[in-house]
2 protein chains.
Amino acid sequence: MGARRKLDYDCPIRDVLDRVGDAWSVLTILELSKGPCRFNALRRVIDGISQRMLAVTLRHLERDGLISRRVLPTAPPQVEYALTDRGQSLHAAIGQLNGWAVEHQPGIRADRAEYDARPDVA
Amino acid sequence: MGARRKLDYDCPIRDVLDRVGDAWSVLTILELSKGPCRFNALRRVIDGISQRMLAVTLRHLERDGLISRRVLPTAPPQVEYALTDRGQSLHAAIGQLNGWAVEHQPGIRADRAEYDARPDVA
DNA sequence: TCTCATAGTTACCTTCAGGGAACCGCCACA
DNA sequence: TGTGGCGGTTCCCTGAAGGTAACTATGAGA
């Protein structure tokens, strides 16, 4: 979206929403909030993510200082990812939003069903 | 994304993020938080939105019970959109997240610049 | 009578995110 | 001497999102 690209750079919340609005980023943060994890371990636990998207997602999160990347000096070098302090605080903020979601989901679901049942929309 | 679609229906926060993660929805909620507004008025004030996307966005928001749609009995019938109570509360939640964004943006920007300057990434 | 605004809908076309698969070097184990 | 796991990178291709433009009906005003 051309207009979105323009907005990205003057609107602070868009920086955040570009991460938070992305399912893979959220799932990754969620997983890492349980503790540090390696690449292929994440891959196995985040259901349905492709190798490519995990790599891309991790690099975005690392670039934004939300996660740290540590190469372990093991035989086949392993890479451990972990939430930074900033990542932790974003996880908390997501938790807030999740609270809103959980609270309002029943109402939203109901309204959607009602809307979909309206004859003038069909 | 196939996997996302699957997740949509068991994860409550995805319902929310599918709205909140969308730039047009956020901008529309932001506009309507200032007060009720008609279709073409919104179109003029939300920079860069197409007629189609405004219609689509408004219908999504209405379906989720976040905004109300009221047809005025004027000569060329006008349509007024307004935030519902639920929409207001989502606007508040977005405000929370925006708070996080504003607070952490400087750090994020700095980390991004640092990351982009790293020789091993280039 | 022609044009404009009101609020959309529809068809068409383009773009790009993201999936899948192949490939990389390295080391361990059999 | 394979085969497998490690952590990626690169390519191609498709599907879906979204922009543009044309069309709708109605009534006001020039």
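Chain A is the first sequence line, chain B the second, and so forth, proteins listed ahead of strands; every chain is numbered from 1. Remember, it's a predicted structure, so these values are computed and weren't measured experimentally.
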>> Tell me every residue that passes side chain to side chain contact (heavy atoms under 4.5 Å, CB included) with A:Gln88, counting only those two or more places apart in sequence or in another chain.
In response: A:Leu83
>> Rounded to whole Å, please give me the gap between CZ in B:Arg59 and C1' in C:dG8.
In response: 8 Å
> Quick one: A:Asp47 CG to C:dG19 P, roughly how many Å, whole number?
Replying inline: 12 Å
> Which parts of residues 50-57 of chain A get close to DNA chain D, meaning a heavy atom less than 4.0 angstrom away?
Replying inline: A:Gln51, A:Arg52
> Atom CG of A:Leu42 and atom C1' of D:dC6: how far apart are they, to the nearest Å?
Replying inline: 14 Å
> Separation of B:Arg43 atom CZ from D:dG18 atom P, in whole Å?
Replying inline: 17 Å
> With A:Glu31, which residues qualify under salt bridge (Lys or Arg N to Asp or Glu O under 4.0 Å), at least two apart?
Replying inline: A:Lys34
> Which residues, if any, of residues 31-39 of chain B bring a heavy atom under 4.0 Å of DNA chain C?
Replying inline: B:Arg38, B:Phe39
>> Under the rule for side chain to side chain contact (heavy atoms under 4.5 Å, CB included), what residues qualify as partners of B:Ala110, not counting sequence neighbours?
In response: none
>> From CG of B:Leu58 over to P of D:dG18, roughly how many Å is that when rounded to an integer?
In response: 14 Å
Just distance, no hydrogens or angles: give the donor-acceptor pairs under 3.5 Å from side chains in residues 71-78 of chain B, sequence neighbours left out.
from    : atom 1 : to      : atom 2 : distance (Å)
B:Thr74 : OG1    : B:Pro76 : O      : 3.1
B:Thr74 : OG1    : B:Gln78 : N      : 3.2

> For B:Asp22 and C:dA17, what is the distance between atoms CG and C1' respectively, to the nearest whole Å?
Replying inline: 15 Å
> With sequence neighbours left out, what residues match A:His104 under ring-ring contact (aromatic ring centres under 6.0 Å, His included)?
Replying inline: A:Trp100
> Which parts of residues 67-82 of chain A get close to DNA chain C, meaning a heavy atom less than 4.0 angstrom away?
Replying inline: A:Ala75
> To the nearest Å, how far apart are B:His60 NE2 and C:dG8 C1'?
Replying inline: 15 Å
> With sequence neighbours left out, what residues match A:His91 under ring-ring contact (aromatic ring centres under 6.0 Å, His included)?
Replying inline: none
> Please give, in whole Å, the distance from C:dG20 C1' to A:Ile49 CD1?
Replying inline: 14 Å
> Is it true that B:Glu80 and B:Arg38 have a side-chain N and a carboxylate O under 4.0 angstrom from each other?
Replying inline: no
>> Once side chain to side chain donor-acceptor pair (under 3.5 Å) is applied, do any residues pair with A:Asp111, and if so which ones, sequence neighbours excluded?
In response: B:Arg86
>> The criterion is side chain to side chain contact (heavy atoms under 4.5 Å, CB included); which residues satisfy it with B:Ser25, sequence neighbours excluded?
In response: B:Arg19, B:Asp22, B:Thr57, B:Leu61
> OP1, OP2 of D:dG5 versus side-chain N and O of A:Asn40: anything below 4.0 Å?
Replying inline: no
> A:Ser68 side chain to A:Thr84 main-chain N or O, any donor-acceptor pair under 3.5 Å?
Replying inline: no
>> The criterion is side chain to side chain contact (heavy atoms under 4.5 Å, CB included); which residues satisfy it with A:Arg43, sequence neighbours excluded?
In response: A:Phe39, A:Asn40, A:Gln51, A:Leu54
